[in-house]
Amino acid sequence: MTLRLHDTATREVRDFVPLEEGKVGIYVCGLTVQSEPHVGHVRSAVNFDVLRRWLSASGYAVHFIRNVTDIDDKILTKAAEQDRPWYNLAYAMHAELTKALASINVLPPTYEPGATGTIPEMVELIEKLIARGHAYVGEDGSGDVYFDVRSWPTYGELTRQGIDDMEPAGDADPRGKRDPRDFALWKGWKKETEPESAAWPSPWGPGRPGWHIECSAMASKYLGPAFDIHGGGVDLRFPHHENEQAQSRAAGMPFASYWLHNAWITTAGEKMSKSLGNSLLVPEVLKRVRGIELRFYIVSAHYRSHVEFSFEALDEAAAGFRRIENFLERVGYASTRPTGIEEMTAEFVAAMDDDLGTPAAMAVVYDLVRDGNRALASDQDARMHARHVEAMLDVLGLHPHDEAWAGAGAGDEKLTSAVDVLITALLEDRATARADRDWARADAIRDRIKAAGIEIEDTPSGPKWSIDNAG
RNA sequence: GGUGGGUUGGCCGAGAGGCGAGGCAACGGACUGCAAAUCCGUGUACACGGGUUCAAAUCCCGUACCCACCUCCA
């Protein structure tokens with residue numbers, strides 16, 4: 001069984017064949033660091049993190065590049081509104097992003113280049129495009145450089161659109177463009193409105209890069225002129241990815257072999273209002289559920305399916321995930337964490353190989369949990385079930401004992417051991433009451449503990465307590 | 001106008017010609033002092049109208065509604 005992936009360029013699921021055996025190069029468009037990341041932003045990161053982990057588990061050496069756009073119109077506008085330097089805003093938001101991704105166990109990429117660190121490569125690429133007759137300097141003296149879409153016969157091929165069918169941008173600044181669909185490779189510095197710190201020297205005068213050129217430059221710098229997979233959100237297909245491909249190929253690079261796009265996550269059928277928008281910021285959501293539960297919610301849906309975000313669905317997912325955790329708690333975790341495809345069931349591997357079928361893969365996990373629980377109920381050994389479950393959760397970035405979750409939420413060890421002492425004392429009182437068959441007193445103790453947000457579970461080996469996450 | 005996607009049980013969410021993915025919730029049962037956890041059981045779901053087929057949620061034609069992108073966007 002080989003991995004099959006849905007390629008946007010061909011609109012079909014096809015066998016994944018790497019350019020070089022045993023190795024995979026992936027480039028994912030990260031975020032423009034202009035505001036705090038919300039749930040929608042991190043979905044993309046989680047989806048591609050799963051891809052990356054699955055490729056690693058399948059035996060590939062993965063080179064994973066995810067960029068950040070740290071200079072653009074929006075950053076300049078927002079920074080000006082907040083009366084702070086643009087680079088300070090970008091830097092601070094980049095830190096927020098890193099924190100948010102770490103809180104849901106997204107592995108750091110091999111490298112995370114920023115646009116501002118790749119400007120010489122972009123200038124070089126633009127010069128090549130001008131030399132080849134695919135780009136021109138704006139004739140209005142603005143210092144802008146544009147890509148000439150009419151000069152590239154296959155422009156529009158990624159999204160199957162003809163140039164003449166495209167709606168000309170109504171609000172685009174036409175400064176010196178030959179065709180309204182031409183896009184900026186380089187934006188000349190606007191002295192009156194833009195800070196000098198946002199301009200870099202170039203053969204066309206001071207300025208800053210256009211949005212699309214950065215990814216072409218960064219991808220080829222770190223992955224080479226041809227690489228395996230390019231990913232991003234659906235909204236990036238056009239214009240961003242179309243433009244990236246056009247300019248890269250026009251400069252003589254084959255560029256990406258496969259294009260993967262994750263679907264949107266929206267909020268309860270409404271436009272994101274300010275209050276709802278704020279409540280969807282990652283730290284806000286993590287006040288309600290744990291990071292591992294948020295990640296589970298994202299992973300449970302297929303990456304190409306549109307998800308309608310709701311707190312109800314999030315709570316349901318969290319409740320479902322706790323069932324899996326409970327099973328592992330009951331069996332007891334393996335002393336060393338089981339990893340590797342050989343520890344997973346064939347059904348799980350087949351589901352993942354089929355365009356990362358995480359919903360089907362989760363169904364396999366649930367089936368194993370039920371079988372394991374059943375074995376436990378009849379005093380049979382369920383450790384093998386648990387091994388499979390652990391390995392499968394691990395590759396999805398959902399292993400409860402992953403270091404990534406340590407220190408998050410209720411994980412403070414000193415606090416936990418302090419609570420343990422107190423609860424244990426109360427449980428001893430309850431045990432005494434139960435031995436005396438004083439049910440009223442026993443239940444009163446349990447109710448008091450429950451009121452503090454702690455769930456008591458009587459097991460053959462005595463009562464166990466856990467934080468009631470559903471509360 | 002162009003391009004792409006969607007509509008599945010109370011809810012979430014897979015599947016893509018033939019045996020009801022899975023989860024959450026609900027109800028009944030087992031276990032329990034009572035619970036919790038767990039297990040067992042309970043559902044005649046595929047927007048609408050036609051068609052193809054021995055067989056359609058799945059393919060074809062049409063209709064309705066929804067969403068995304070068309071130079072700010074994960």
Side-chain angles (χ1 to χ4, degrees), chain A residues 8 11 28-32 34 37-48 69 72-75 77 149 156 159-173 177 180-184 210-212 231-240 242-243 261-266 269 296-297 300-302 304-308 310 312-324 326-327 329-330 347 351 357-367 369-370 372-378 434 437-440 442-443 446-447 450 455-459 463-464 466 468:
Chain A
T8 303
R11 285 193 304 184
V28 174
C29 286
L31 260 64
T32 297
Q34 41 125 351
H38 59 84
V39 196
H41 292 128
V42 299
R43 176 187 192 185
S44 180
V46 169
N47 288 156
F48 288 105
T69 298
D72 90 320
D73 292 354
K74 253 188 167 169
I75 293 175
T77 308
V149 296
T159 50
R160 289 156 200 272
Q161 298 182 89
I163 294 180
D164 296 313
D165 292 330
M166 293 175 194
E167 214 167 65
D171 57 343
D173 182 357
K177 280 189 189 180
R181 279 146 287 221
D182 289 350
F183 56 90
W211 176 34
H212 317 296
V234 269
D235 54 319
L236 296 180
R237 281 180 310 197
F238 192 90
H240 189 53
E242 187 72 68
N243 290 174
H261 294 277
N262 66 275
W264 214 246
I265 176 162
T266 58
F296 175 78
Y297 174 65
S300 307
H302 187 89
R304 285 192 287 121
S305 292
H306 171 221
V307 170
E308 190 74 27
S310 74
E312 291 71 25
L314 182 65
D315 290 341
E316 271 186 19
F321 185 70
R322 269 177 236 126
R323 202 158 100 76
I324 300 171
N326 282 345
F327 167 65
E329 292 286 341
R330 268 161 42 103
E347 292 85 351
T358 52
M362 285 318 310
V364 174
V365 171
Y366 275 110
D367 284 343
V369 167
R370 197 197 308 103
N373 275 323
R374 197 183 290 153
L376 237 36
S378 56
R434 292 180 77 201
R437 305 187 74 80
D438 184 352
W439 309 125
D443 289 351
R446 186 173 63 197
D447 289 347
K450 189 174 168 61
E455 199 65 54
I456 298 302
E457 185 186 338
D458 289 323
T459 74
K464 276 172 56 183
S466 59
D468 180 7

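All chains are named by letter (A, B, ...) in the order of the sequence lines, taking the proteins before the strands, and each is independently numbered beginning at 1.
- Listed pair A/Arg323 / B/C39 meets the phosphate criterion, a side-chain N or O lying under 4.0 Å from OP1 or OP2.
- The shortest distance between side-chain heavy atoms of A/Thr77 and A/Gln34 does not fall below 4.5 Å.
- As a whole-Å value, the separation of A/His41 NE2 from B/A74 P is 5 Å.
- Going from the C1' atom of B/G43 to that of B/G50 covers 29 Å, rounded to whole Å.
- Among the atoms of the strands shown, base atoms are found under 4.0 Å from some heavy atom of A/Gly40.
- Taking 4.0 angstrom as the limit, A/Arg374 places a side-chain polar atom (N or O) nearer than this to OP1 or OP2 of B/C40.
- Nucleotides B/C46 and B/U38 place their C1' atoms 32 Å apart, quoted to the nearest Å.
- The shortest distance between the side-chain N/O atoms of A/Arg322 and the OP1/OP2 oxygens of B/A37 is not below 4.0 Å.
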N/O contacts under 3.5 Å, protein versus nucleotides 31-34 of chain B?
unit_1, atom_1, unit_2, atom_2, d
B/G33, N7, A/Arg434, NH2, 3.4
B/G33, O6, A/Arg434, NE, 3.2
B/G33, N1, A/Asp443, OD1, 3.0
B/G33, N2, A/Asp443, OD2, 2.7
B/C34, O2, A/Arg446, NH2, 2.8
B/C34, N3, A/Arg446, NH1, 3.1
B/C34, N3, A/Arg446, NH2, 3.4

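- The phosphate of B/C70 has neither OP1 nor OP2 within less than 4.0 Å of any side-chain N or O from A/Arg237.
- Within the 4.0 Å cut-off from OP1 or OP2 of B/A74, at least one side-chain nitrogen or oxygen of A/Thr32 is found.
- Contact record, A/Gly320 with A/Tyr366: O-OH, 2.9 Å, taken as the closest heavy-atom pair.
- Within the 4.0 Å cut-off from OP1 or OP2 of B/C70, not a single side-chain nitrogen or oxygen of A/Arg181 is found.
- For A/Asn326, no side-chain nitrogen or oxygen approaches OP1 or OP2 of B/A37 to under 4.0 Å.
- Per the stacking criterion (ring centres < 5.5 Å, plane angle < 30°), A/Tyr366 does not stack onto the base of B/G23.
- Nucleotide B/A26 forms a pair with B/U42, judged by Watson-Crick or G-U wobble geometry with both contacts under 3.5 Å.
- Considering only side-chain N and O atoms, A/Ser310 lies nowhere under 4.0 angstrom from the phosphate OP1 or OP2 of B/C12.
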